[in-house]
*Asks:* 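Pasting a structure below so you can have a look.
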Number of protein chains: 2
Amino acid sequence: MPRKPPSRWQRDPEGMRQRILDAARAEFAKRGSDGARIDRIARAAKANKRMLYYHIGNKDALYLAALEGAYEHIRDAERKLNLEALAPADAITRLIEFTWDYFLENPEFMALLNNENLHRARHLKRSKKVKQMHSPFVALLADILRKGVASGAFRSNVDPVQLYITIASLSYFYLSNNATLSTIFGRDLMGEDAKAERVAHMTDLVLAALRRGSTAKLDRLVAAS
Amino acid sequence: MPRKPPSRWQRDPEGMRQRILDAARAEFAKRGSDGARIDRIARAAKANKRMLYYHIGNKDALYLAALEGAYEHIRDAERKLNLEALAPADAITRLIEFTWDYFLENPEFMALLNNENLHRARHLKRSKKVKQMHSPFVALLADILRKGVASGAFRSNVDPVQLYITIASLSYFYLSNNATLSTIFGRDLMGEDAKAERVAHMTDLVLAALRRGSTAKLDRLVAAS
DNA sequence: GTAGTATTTAACCAACCGGTTAATAAAAGC
DNA sequence: GCTTTTATTAACCGGTTGGTTAAATACTAC
């Protein structure tokens, strides 16, 4: 049977590729890599299924491309963050807010990370691209901590890697697990008040923990007062 | 063709049911609900596939049963934790360690939670069973905080729900995302030293944040000394 | 303007999958 | 001891899925 193509089509390989990647990221984030469907990605990209294989590759390659794109996006946002002119405590506050805002506005990133951890990072491990995208945040944190100690605002001996993980964890867990936490607590964790409370709590907790004197010396000062 | 059953088999409906649930939990935790396969669960349970439908139900019902079992398990462990005789700071330390140990020893629980959040808790919302399994932890935390403020060890105005989420997040994120974090940082976060460091950091950070005086009053005391 | 290449469409395929049907046999009940 | 019920096994099925093949057409190069 002679095939009848639709109205004239134009070549647009770059546009096609971008639409495919956008659709892939959304689908993999929403359904996970096992629940995602090639046909749904094609439909969302307004492309023939063959296009996915032609432009990018099989499902696994598509997923890795989506993951790399997500990392590229966050690294880009991280580099734009400029904390140089801020006092250490303000810089920490800004960092916490940035992390929270990023996860809040890009839940697909957390979904892709969760999926990647489910698969024990086996795709990430194969990505040369992501290996080269180092987060500037640990170095940034080390610098902020150094300045804080020097100025007397912060106590010493805080590991920047641990602090980085902690700052990420405070937002990530709340936002990524909000569905089960909201169900368990019988309250909407994503309400405006709830979110504002959470940000305030995180900032307060981290700054309180970093403040110089929040150790045995503080106990002596408090006892003497 | 006449079917030939294997050597004699005995009825063991309770044993069968338990093996099915154990196999289901392992499979859903390892592969997610979309990646999990009914045939693999049956094989691991040493059961005919029909048995899964006969004893429990379809794939969704099986998954919900596995999720409920996981919640039952953690609630059981939480109830066994007895902090009454501990000083507030020691109680907080113990709570952090319990949370860490539980997630470390039961990674399947985190995997199931991640999967459930991917599906926006739509199974959990249907579970009457889990709704009735309230965590004793928030009340426990409220009590510890009260005692801490009364004894002068802790500052006031810390929300027990926020603190609960924070304590859970510090361990959960580290352990659940250890595959991607290890790959990104180029270091093994699950090494013995790394884990010990993490526990120490979490405990130090939370206690430092709770300590009375880690506010503006501290600044005044430090300035006056 | 024609041949070649790249991009795109349409249709197809083998394997897989969740779930069902039919049959067998162990145990219970009378 | 025979009938009924319950638990279990074996085989089957329709639909879905990732991936491929074949063909058509837009565009490029000469």
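Computed over heavy atoms, backbone and side chain alike; hydrogens, waters and symmetry mates excluded. A note on names: the letters A, B, ... follow the listed sequences, proteins ahead of strands, and every chain is numbered from 1.
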*Asks:* For A:Lys131, is the NZ atom crowded, meaning more than 12 foreign heavy atoms sit under 6.0 Å from it?
*Replies:* yes

*Asks:* A quick test of your reading: do over 12 heavy atoms of other residues, nucleotides or ligands sit less than 6.0 Å from CD of A:Gln10?
*Replies:*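 Counting other residues, nucleotides and ligands, CD of A:Gln10 stays at 12 neighbours or fewer.
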
*Asks:* Count the heavy atoms of every other residue, nucleotide or ligand shown that sit under 6.0 Å from CG of A:Asp76, and state whether that count exceeds 12.
*Replies:* yes

*Asks:* Side chain of A:Tyr102, backbone of A:Glu78: donor and acceptor closer than 3.5 Å?
*Replies:* no

*Asks:* Looking at residues 47-59 of chain A, who's got a heavy atom less than 4.0 Å off DNA chain C?
*Replies:*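 Within residues 47-59 of chain A, the residues near DNA chain C are A:Asn48, A:Arg50, A:Met51, A:Tyr54, A:His55.
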
*Asks:* Take atom CD in A:Glu84; do more than 12 heavy atoms of anything else shown fall under 6.0 Å from it?
*Replies:* no

*Asks:* Answer yes or no: does atom NZ of B:Lys195 have more than 12 heavy-atom neighbours from other residues, nucleotides or ligands under 6.0 Å?
*Replies:* yes

*Asks:* Is a side-chain donor or acceptor of A:Lys59 paired with a backbone partner of A:Ser33 at a separation under 3.5 angstrom?
*Replies:* yes

*Asks:* Is a salt bridge present between A:Arg19 and A:Asp22, judged by a nitrogen-to-oxygen distance below 4.0 Å?
*Replies:* no

*Asks:* Take atom CZ of A:Arg75 as the centre, draw a 6.0 Å sphere, and report whether it contains more than 12 heavy atoms from other residues, nucleotides or ligands.
*Replies:*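 Yes - once you tally the heavy atoms of other residues, nucleotides and ligands closer than 6.0 Å, there are more than 12.
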
*Asks:* Tell me, with the steps shown, if B:His123 and B:Tyr63 meet ring-ring contact (aromatic ring centres under 6.0 Å, His included).
*Replies:* CA-CA 8 Å; B:His123 304 91; B:Tyr63 168 75; 4.6 Å; yes

*Asks:* Which residues in residues 22-44 of chain B have a heavy atom closer than 4.0 Å to any atom of DNA chain D?
*Replies:* none

*Asks:* Identify, residue by residue, the members of residues 11-20 of chain A with a heavy atom below 4.0 Å from DNA chain C, and return them in order of residue number, or none.
*Replies:*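 Going residue by residue through residues 11-20 of chain A, the ones with a heavy atom under 4.0 Å of DNA chain C turn out to be A:Arg11, A:Asp12, A:Pro13, A:Met16.
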
